[in-house]
Novice: 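Got a structure here, written out as structure tokens. Questions coming.
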Amino acid sequence: MDKQKVIFKDLGIIEYKAAWDYQEGLLQENVKIKGELRSSLTPDPKLQTQNYFLLCEHPPVYTLGKSGKKENVLMSDEELAANGIAFFNTNRGGDITFHGLQQIVGYPILDLENYYTDIGKYLRSLEEVIILT
């Protein structure tokens, strides 16, 4: 396996939705490239997916994952608004997550086919890196 380049970007303080949209755009660029590579009889060797690692901070926001339940948010919509806390449904795993200023969030956007396709191995490796860091 060749050493893979990972593009680092510090997005600074960014609203959760804006960061989400940015990540989705990067993902869709890679999906388009993969489609072109798979459909071409002679793929352009310079055409390849990109790997990213994004760091940022979000203004106060609660996110609700696919396995979460809105009733697990212990504040009403009115209380969230009064406290300046946004709320966002995601298609990611998990339940409720809070993000706020001074909390650094990392978003890896990697084409795992460039590494290995075992998502469990990837998640265990990511957890180990975070623990060691």
Side-chain angles (χ1 to χ4, degrees):
M1 168 178 20
D2 293 333
K3 191 172 189 176
Q4 295 296 312
K5 177 181 172 185
V6 177
I7 299 165
F8 168 76
K9 292 193 178 198
D10 182 348
L11 302 179
I13 297 172
I14 184 171
E15 294 286 339
Y16 187 85
K17 173 81 165 81
W20 177 275
D21 291 343
Y22 183 70
Q23 292 172 73
E24 186 64 26
L26 295 176
L27 171 66
Q28 291 311 316
E29 285 177 26
N30 278 345
V31 168
K32 180 180 175 188
I33 290 169
K34 281 181 159 312
E36 291 173 16
L37 288 171
R38 289 189 175 122
S39 66
S40 176
L41 295 175
T42 56
D44 180 349
K46 292 182 237 154
L47 190 62
Q48 60 185 353
T49 56
Q50 298 294 313
N51 300 292
Y52 298 91
F53 184 63
L54 311 175
L55 288 179
C56 65
E57 294 177 58
H58 297 301
V61 60
Y62 280 105
T63 61
L64 181 66
K66 290 187 294 188
S67 60
K69 296 180 175 64
K70 177 75 162 116
E71 58 265 18
N72 292 343
V73 178
L74 301 179
M75 298 173 85
S76 68
D77 291 342
E78 294 77 21
E79 290 171 311
L80 290 171
N83 286 288
I85 302 172
F87 179 82
F88 195 81
N89 283 300
T90 74
N91 66 356
R92 295 185 175 153
D95 195 355
I96 301 292
T97 302
F98 176 79
H99 299 292
L101 297 175
Q102 300 183 14
Q103 176 194 37
I104 305 298
V105 182
Y107 295 112
I109 297 153
L110 307 172
D111 180 353
L112 290 183
E113 289 180 356
N114 292 335
Y115 302 91
Y116 45 81
T117 56
D118 181 341
I119 189 70
K121 179 180 178 182
Y122 167 72
L123 291 172
R124 288 187 302 277
S125 297
L126 182 60
E127 178 183 42
E128 185 66 18
V129 166
I130 292 168
I131 289 168
L132 293 173
T133 301

Novice: Would you find more than 12 non-hydrogen atoms of other residues, nucleotides or ligands less than 6.0 Å from Glu71 atom CD?
Specialist: yes
Novice: Donor-acceptor check, side chain of Asp111 to backbone of Asn51, threshold 3.5 angstrom: yes or no?
Specialist: no
Novice: Using modelled atom types and a 3.5 Å cut-off, is there a donor and acceptor pairing between side-chain atoms of Glu127 and backbone atoms of Leu123?
Specialist: no
Novice: Could you list all the ring pair (Phe, Tyr, Trp, His ring centres under 6.0 Å) pairs where at least one residue sits in residues 64-95, not counting sequence neighbours?
Specialist: Tyr16-Phe88, Trp20-Phe88
Novice: What are the two closest heavy atoms between Gln48 and Ile33, and how far apart are they?
Specialist: O-CD1, 3.6 Å
Novice: Suppose the criterion is side chain to side chain donor-acceptor pair (under 3.5 Å): which pairs have a residue in residues 52-61, not counting sequence neighbours?
Specialist: His58-Tyr107
Novice: Verify the cluster assignment for Ile119 and Phe53: are they in a single hydrophobic cluster under the rule of side-chain heavy atoms below 4.5 Å apart?
Specialist: yes
Novice: By side-chain hydrogen bond (donor to acceptor under 3.5 Å, both in side chains), which residues pair with Glu79, not counting sequence neighbours?
Specialist: Ser76
Novice: Holding to side-chain hydrogen bond (donor to acceptor under 3.5 Å, both in side chains), I want the full list of residues that pass it with Glu24, two or more places apart in sequence or in another chain.
Specialist: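 Once residues adjacent in sequence are excluded, the partners of Glu24 under the side-chain hydrogen bond (donor to acceptor under 3.5 Å, both in side chains) criterion are Gln28.
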Novice: Tell me the ring pair (Phe, Tyr, Trp, His ring centres under 6.0 Å) pairs involving residues 27-48, sequence neighbours left out?
Specialist: none
Novice: With sequence neighbours excluded, tell me which residues meet ring pair (Phe, Tyr, Trp, His ring centres under 6.0 Å) with Tyr62.
Specialist: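 For Tyr62, the residues satisfying ring pair (Phe, Tyr, Trp, His ring centres under 6.0 Å) (neighbours in sequence not counted) are Phe98.
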Novice: To the nearest 0.5 Å, what is the distance between CG on Leu47 and CD on Glu36?
Specialist: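 Reported to 0.5 Å precision, the distance equals 5.5 Å.
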Novice: Strictly distance-based, threshold 3.5 Å: is any side-chain N or O of Thr117 a donor or acceptor partner for the main-chain N or O of Glu113?
Specialist: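 Checked: no pair found.
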Novice: Checking Leu55 against Val105 for the side-chain contact (heavy atoms from CB on, under 4.5 Å) test, could you report, in this order, the C-alpha distance in whole Å, the side-chain angles of both residues, the deciding distance, and whether it holds?
Specialist: CA-CA 6 Å; Leu55 288 179; Val105 182; over 6 Å; no
Novice: I need the Leu26 CG to Gln50 CD distance, nearest 0.5 Å.
Specialist: 9.5 Å
Novice: Run the numbers on Ser125 and Tyr116 for side-chain contact (heavy atoms from CB on, under 4.5 Å), then give the verdict.
Specialist: CA-CA 12 Å; Ser125 297; Tyr116 45 81; 3.5 Å; yes
Novice: In Å, rounded to the nearest 0.5 Å, how long is the span from CD of Glu128 to CG of Leu126?
Specialist: 10.5 Å
Novice: Are more than 12 heavy atoms from other residues, nucleotides or ligands located less than 6.0 Å from atom CD of Glu15?
Specialist: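 Open: at most 12 neighbouring heavy atoms sit under 6.0 Å from CD of Glu15.
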